[in-house]
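Heads up, the thing below is written out as C-alpha cells.
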Number of protein chains: 2
Amino acid sequence: MDSINIKKLAQALKLSTSTISRAFRDNSDISIATKERILAKAKELNYQPNHYASNLREQKSKTIAVIVPELANNYFSQAIHGIERVARENGYHILIYVTDDEYKKEVNFIRHLHNGRADGIIMSVSGEGNDHNYLNKFGPKRLPLVFFDRIYEDIETSRVITNDYNSSFLATEHLIEQGCKRIAYLVVNKSLSIGKTRMQGYIDALGKHGIQYEESLIVDCSNSYEENSITIKQALTQLKPDGVFTSVERLAFATYYACYDLNISIPGDLKVISFSSLEIAPLLNPSLTTITQPATEIGEQAAGLLFKMLDNKTDENQPEEVILESKIIIRNSTSAAIKTH
Amino acid sequence: MDSINIKKLAQALKLSTSTISRAFRDNSDISIATKERILAKAKELNYQPNHYASNLREQKSKTIAVIVPELANNYFSQAIHGIERVARENGYHILIYVTDDEYKKEVNFIRHLHNGRADGIIMSVSGEGNDHNYLNKFGPKRLPLVFFDRIYEDIETSRVITNDYNSSFLATEHLIEQGCKRIAYLVVNKSLSIGKTRMQGYIDALGKHGIQYEESLIVDCSNSYEENSITIKQALTQLKPDGVFTSVERLAFATYYACYDLNISIPGDLKVISFSSLEIAPLLNPSLTTITQPATEIGEQAAGLLFKMLDNKTDENQPEEVILESKIIIRNSTSAAIKTH
DNA sequence: TTGTATGCGTTATCAC
DNA sequence: GTGATAACGCATACAA
C-alpha cells in the first residue's frame with residue numbers, strides 16, 4: 001500500500017502519531033505552530049484520518065440511516081432533502097435505504113444497521129400490517145430511532161407527524177361544501193395507521209354534515225399501477241361518486257388518468273382532493289386541490305429529534321412527538337364551477 | 001458496554017474468535033455443525049460482525065457514495081433508485097450527497113470521501129464552470145468514479161450519458177414540423193457541457209431547416225425560481241417566440257406558469273417541449289411533450305460500471321462510456337391544433 | 001506541549 | 001477443523 005496514514009505523516013514530520021491525531025481533534029492541547037505545520041503537510045499529502053479506524057476507536061459512525069418506502073415521490077425526496085440539510089450541518093453522513101414498501105426489506109435493513117454502521121435511524125415505515133414488534137427485540141441496544149409520517153403506533157420512540165385527522169376532516173368538509181354528496185375515499189392500505197387516521201377524519205366530517213357513511217365508498221388500492229387503474233375505474237363507474245378524496249398523491253394521478261379514459265370531467269362530474277406535496281399541482285389539468293404536508297420541514301424536524309437523542313438530551317422513556325400542520329390549497333379540481341379552465 | 005462482540009460470543013460458545021469469524025465468512029473451512037451452532041447463538045444474542053472493525057481490517061467499506069445536484073427532481077430520484085437497486089444486489093450500501101448545485105460542496109464531499117468511507121463514487125456534476133481538475137489531484141489514489149448525465153468532459157473516467165445531441169436535434173425538428181419559426185432555447189447554464197451539447201442539437205436542427213440561429217433566443221436561466229420567472233416572462237414578451245425548448249424540466253414548469261400569467265396559450269400561441277422524466281407529464285395542462293431519459297436505467301448502468309471498476313475488470317486507462325437513448329414523447333404542448341384539450 | 005503504549009473488533013496467518 | 005496472535009489506523013490515558 002502506498003496510501004497515506006497517520007504513521008507515515010508522523011514520520012514525514014518527525015512527530016509522533018498522537019500529536020498528529022491531536023491536530024485533527026479540536027479539544028486536545030497542542031501548540032498552534034505544530035498544529036498548522038501538521039495540517040499543512042496533511043493537505044499536501046492528501047491525508048485524512050481514516051474514517052473506519054476513528055469510528056472503531058470512538059464507537060460511533062457519524063452516520064444516520066434513512067429508510068423510506070419509496071424515493072420517486074415528491075414527499076419523500078423533499079423530506080430526505082430536509083434530513084440531509086440538518087445532518088450535514090451536524091457533520092453527519094446519510095445512508096439511504098428504500099424498501100419499495102416491502103416489510104421484509106425493512107426488517108432486514110434495520111437488523112443490519114445494528115452493527116455500528118449507523119448511529120441512528122430515521123424511518124417512514126412500510127410494514128404496518130405485519131408484526132413490527134421486532135423493533136422491541138433489540139431491547140436497550142436498539143439504535144435511536146425517529147419515525148416520520150408513517151409510524152408504528154405501538155413502538156415508543158420519537159416521531160414527526162402531521163395532523164392528518166384534522167386535514168382529512170377539513171378536506172372532506174371542503175368537498176361537501178363544494179356540493180359533493182357521494183365522496184369516495186381512496187386508500188393504499190386501510191390497515192396502515194396513516195390510512196386509518198386519515199380515514200377517520202373523512203368519516204367524522206361526513207357525520208357532521210349528516211351524510212351517511214358507506215363502506216363501499218372506501219376503495220382499497222394497492223401499490224401496483226395497473227391494479228389501481230382497474231380498481232379505480234370500476235369504482236368510478238359502479239359507485240358513481242361525485243367526489244374523491246385520495247390519501248396518497250399517486251392515487252390522485254390514477255384517478256385523473258381514469259377520468260381521462262372514462263370521459264369523466266373534473267371537477268364537473270367529479271371533484272378531487274388529495275394529500276400531495278407535488279410542487280406543480282397548479283399545472284395539472286385541472287389544477288389539483290391538495291393537502292400539502294410540510295415535507296422538507298418534517299425531514300428537518302425528524303433529523304432534529306434524532307440529534308437530540310444522540311446528544312442524550314431525550315429521556316428514553318419520554319419520546320417526543322412533533323405534530324406539524326398541513327395546508328389545504330384549493331385549486332380547480334374541487335371548483336364548484338362546472339367548466340374546467 | 002454491555003454490547004455484544006465477537007469475543008463475548010466466543011466465550012458464550014467456548015470457542016475462539018477465529019472460529020466465530022470463520023462462521024461469518026464463506027470461504028474458510030469450518031465444520032457445518034459448529035458453524036450452525038455459532039450462527040444460531042449469534043442470532044439469539046443479536047450479534048453481527050462490527051462493520052467498522054471488518055472494514056478496517058479488509059480496507060474496504062462496501063459502500064458507494066452518490067453525489068447529485070438535487071434530490072427533489074424526478075430524474076435524479078429515479079436514477080438513485082436504479083443505483084440503489086443494483087448496489088443492494090451487490091451487498092453495498094449507499095451514501096447520498098446533495099450539492100444543491102454548489103461546486104464547493106461537491107469538492108468538499110469528494111475530498112472527504114477519500115478517507116475510506118466509500119469504495120467508489122457515482123456523480124452527476126455541479127461545477128462545470130469551475131476548475132474540476134481537483135479530481136486529478138488525487139492521482140492514482142482517486143476513488144473509482146462514474147459520471148452520469150452531467151459530466152466533466154476532461155476527466156477520464158467511466159460515464160453513462162444519453163444521446164443529448166440527437167434528442168435535441170429531433171426535439172427542435174419536431175417543433176419546426178409543428179410550424180414553429182422562432183424557437184427559444186432555455187438553458188440553466190450555457191457553459192455546462194450538458195447545456196452545450198443539447199444546444200448544439202438545437203442549432204444544427206435550425207440550420208438544417210434553413211432557420212437563422214439567433215443568439216438572443218438562447219435564454220440563460222439560473223437556479224432561482226423567482227429569477228427565472230422574471231427572465232422567462234421577459235423573454236416571452238420581448239422575443240415573442242412561437243416555440244420553446246427547455247433543457248431542464250424545471251424550466252418547462254416555469255414557462256407554463258409564465259404563460260398562465262401572461263395569458264399565452266400553449267400550444268396555440270407557444271409550443272413547449274422539454275427534457276423531463278416526469279411521470280405525470282400527461283396530466284399537465286396541456287400535457288407536456290417530453291424528451292424522456294431512461295433515468296432508472298441510467299442509474300443501474302452507472303452502478304454497473306462502478307462495480308466493474310471495483311472488481312478490477314476495467315482497464316483504468318480505458319474508461320467505459322455507455323450511451324443510452326432518450327425517447328421523445330409527443331403530447332399536446334406541441335400539438336399543431338390550436339385548441340387545448 | 002509532546003511521546004509511549006494500549007485497545008477498539010475484526011480477520012489473516014500460522015500453528016496445532 | 002480449530003486456536004493463538006498480529007495487524008488494520010486511530011485516539012486516549014498516562015508518562016515525560
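Quick note on labels: first sequence line is chain A, next is B, and so on, each numbered from 1. Please read all numbers here as calculations on a predicted model, not as lab measurements.
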Task: For atom CD1 of A:I20 and atom C1' of C:dG3, their distance in whole Å - done: 12 Å
TODO: State, to the nearest 10°, the angle formed by the axis through the first five base pairs of the helix from C:dT1-D:dA16 to C:dC16-D:dG1 and the axis through its last five.
DONE: 40°
TODO: Select one nucleotide: of D:dC8, D:dA11, D:dG3, the one nearest the side-chain heavy atoms of B:Q59.
DONE: D:dC8
- [ ] Identify, with sequence neighbours excluded, every residue that meets salt bridge (charged side-chain N to carboxylate O under 4.0 Å, His left out) alongside A:R117.
- [x] none
TODO: Return the value, rounded to whole Å, for the distance between atom NZ of B:K60 and atom P of C:dT10.
DONE: 16 Å
Task: For A:Y152 against A:S126, the heavy-atom pair lying closest together - done: OH-N, 4.0 Å
- [ ] Determine the minimum heavy-atom distance between A:I122 and A:A303, stating which atoms define it.
- [x] CD1-CA, 3.7 Å
Open item on the list: Counting the atoms with a prime plus P, OP1 and OP2 as sugar-phosphate, which does B:L15 contact under 4.0 Å by heavy atoms, base, sugar-phosphate, or nothing?
Closed with: sugar-phosphate
Task: With sequence neighbours excluded, residues passing side chain to side chain contact (heavy atoms under 4.5 Å, CB included) with A:K105 - done: A:T99, A:D100, A:E102, A:F109
Task: Note: B:E36-B:K41 ion pair, threshold 4.0 Å (strictly below) - done: no
Open item on the list: The criterion is salt bridge (charged side-chain N to carboxylate O under 4.0 Å, His left out); which residues satisfy it with B:E106, sequence neighbours excluded?
Closed with: none
Task: Under the salt bridge (charged side-chain N to carboxylate O under 4.0 Å, His left out) test, residues paired with B:R85 that sit two or more places apart - done: B:E89, B:E300
Task: Side chain of B:I6 - closest among D:dA11, D:dT2, C:dT10 - done: C:dT10
TODO: Under 4.0 Å from any atom of DNA chain D, heavy atoms only: list the residues of residues 45-55 of chain A that qualify, in numerical order.
DONE: A:Y47, A:Q48, A:P49, A:N50, A:A53, A:S54
Task: Which residues share a side chain to side chain donor-acceptor pair (under 3.5 Å) with B:Y47, sequence neighbours left out - done: none
Task: Any residue meeting side chain to side chain contact (heavy atoms under 4.5 Å, CB included) with B:E321, in chain and number order, not counting sequence neighbours - done: B:R159, B:I161, B:I323
TODO: State whether B:S21 places a side-chain N or O below 4.0 Å from either non-bridging phosphate oxygen (OP1 or OP2) of C:dT11.
DONE: yes
Task: Separation of C:dT11 P from B:L56 CG (nearest whole Å) - done: 11 Å
Open item on the list: Between C1' on C:dC8 and CD1 on B:I4, what's the gap in Å once rounded to a whole number?
Closed with: 16 Å
Open item on the list: If I take atom CG in residue B:L13 and atom P in nucleotide D:dG3, what distance separates them, rounded to the nearest angstrom?
Closed with: 10 Å
If you restrict it to nitrogen or oxygen atoms, what contacts under 3.5 Å exist between nucleotides 4-7 of chain D and the protein, and what is each distance?
residue : atom : partner : partner atom : Å
D:dA4   : N7   : B:S18   : OG           : 3.2
D:dA4   : N6   : B:S18   : OG           : 3.0
D:dA7   : N3   : B:R57   : NH1          : 3.2

- [ ] Nearest whole angstrom, please: distance from the C1' of C:dT2 to the CZ of A:R37.
- [x] 12 Å
Open item on the list: Rounding to an integer number of Å, can you tell me how far B:K14 NZ sits from D:dG1 C1'?
Closed with: 20 Å
Open item on the list: Going by the rule ring-ring contact (aromatic ring centres under 6.0 Å, His included), which residues pair with A:Y75 if we only count those two or more places apart in sequence or in a different chain?
Closed with: none
TODO: Under the ring-ring contact (aromatic ring centres under 6.0 Å, His included) rule, collect the residues that match up with A:Y134, sequence neighbours excluded.
DONE: none
TODO: State which residues pass side chain to side chain contact (heavy atoms under 4.5 Å, CB included) with B:T157; sequence neighbours excluded, sorted by chain then number.
DONE: B:R142, B:L145, B:F147, B:I155, B:M309
TODO: Rounded to the nearest angstrom, tell me the gap between atom CG in A:L9 and atom C1' in D:dA11.
DONE: 15 Å
TODO: Could you check B:E58 against B:S31 and say which one's nearest nucleotide on DNA chain D is further toward the 5' end?
DONE: B:S31
